[in-house]
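Before any comments, here is the structure.
Only this structure's heavy atoms are used, side chains among them; waters, hydrogens and symmetry mates stay out. Start at 1 with the first residue, then count along the sequence.
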Amino acid sequence: KGLRKAYALTVMPRMQEADVVSRGHHAMSGVVVFNGLGGFALPARRSGEIANELLRISNKKYVPSLDSRGKGFLALHVRLGDFGPVIKELLIMGRANIRQPICWYLEALRAMRSVLRVPLDTKLYSDGTDEELEVILKEPGVKRSRNRIALTDLWEMSTASVIIGSRSSFTYWASYLGQVPTVYFPNARPSTESAVVSETPFDLEPEWMEGNPLPARFLEIVRRRILA
């Protein structure tokens, strides 16, 4: 920040994001230029390296304790603020920047709890108002994050046992940094690339619609994370 930031932006060489990822300029000093979000693709098997570097450069007062990674809580990420109104048909077609129905998040939460049959506190992360989120906040065991810093929420979500997410790069980053199994609305995965690396043939980022069962193998992996 300050003079160091001005110096870096003025003097240091610039490297394109794609070149850094593909060629691995780890030893070079310079300014990495990011151009848009693209397809949200991240190098899947380097999540630990990227998480450690992000942690290193994060202001420590905004980083929660990461000792409880995967220890028995569900992160519910409801993106509302800058998304358009719910149009379920367009959502199912894969249209971005549209709100998912609040009832979908609630039903996903209930389905997860009813099948897992293990204690599972839930923390709600959202840019919506309490009034918009009322039906979820009334559910037993749900508490809302009151953090005012997005980075703190991101790190907290990355320590969850499982995420019920939105079509949002915020969900995707939390899932990626913590390698957290994540449930999405149909056709609402933020990227065609998997954020969570699975050493098994089972998908750890399933898409789910109300009335259908959650994948049994996915649930078993989540259960093991909770009880670990």
Is there a donor-acceptor pair closer than 3.5 Å between any side-chain N or O of [X] and the backbone N or O of [Y]?
X      : Y      : result
Gln179 : Ala195 : yes
Trp173 : Leu177 : no
Arg223 : Val115 : yes
Thr182 : Glu205 : no
Glu132 : Thr129 : yes
Ser175 : Thr171 : no
Glu156 : Pro64  : no
Lys60  : Leu55  : yes
Arg167 : Ile98  : no

Notebook entry, point to check: Is a salt bridge present between Glu53 and Arg56, judged by a nitrogen-to-oxygen distance below 4.0 Å?
Noted result: yes
Check: Salt-bridged, Arg99 to Asp127, with N to O below 4.0 Å?
Finding: no
Notebook entry, point to check: Do the non-hydrogen side-chain atoms of Glu107 and Trp208 ever get within less than 4.5 Å of each other?
Noted result: yes
Notebook entry, point to check: Mind checking whether Trp104 and Phe185 have parallel, tilted or perpendicular rings, split at 30° and 60°?
Noted result: perpendicular
Margin query: Which label fits Tyr176 and Tyr172: parallel for a plane angle under 30°, tilted from 30 to 60°, or perpendicular past 60°?
Written below: parallel
Note to self: Less than 3.5 Å apart, any donor N or O on the side chain of Arg79 or Ser166 sitting next to an acceptor on the other?
What the structure shows: no
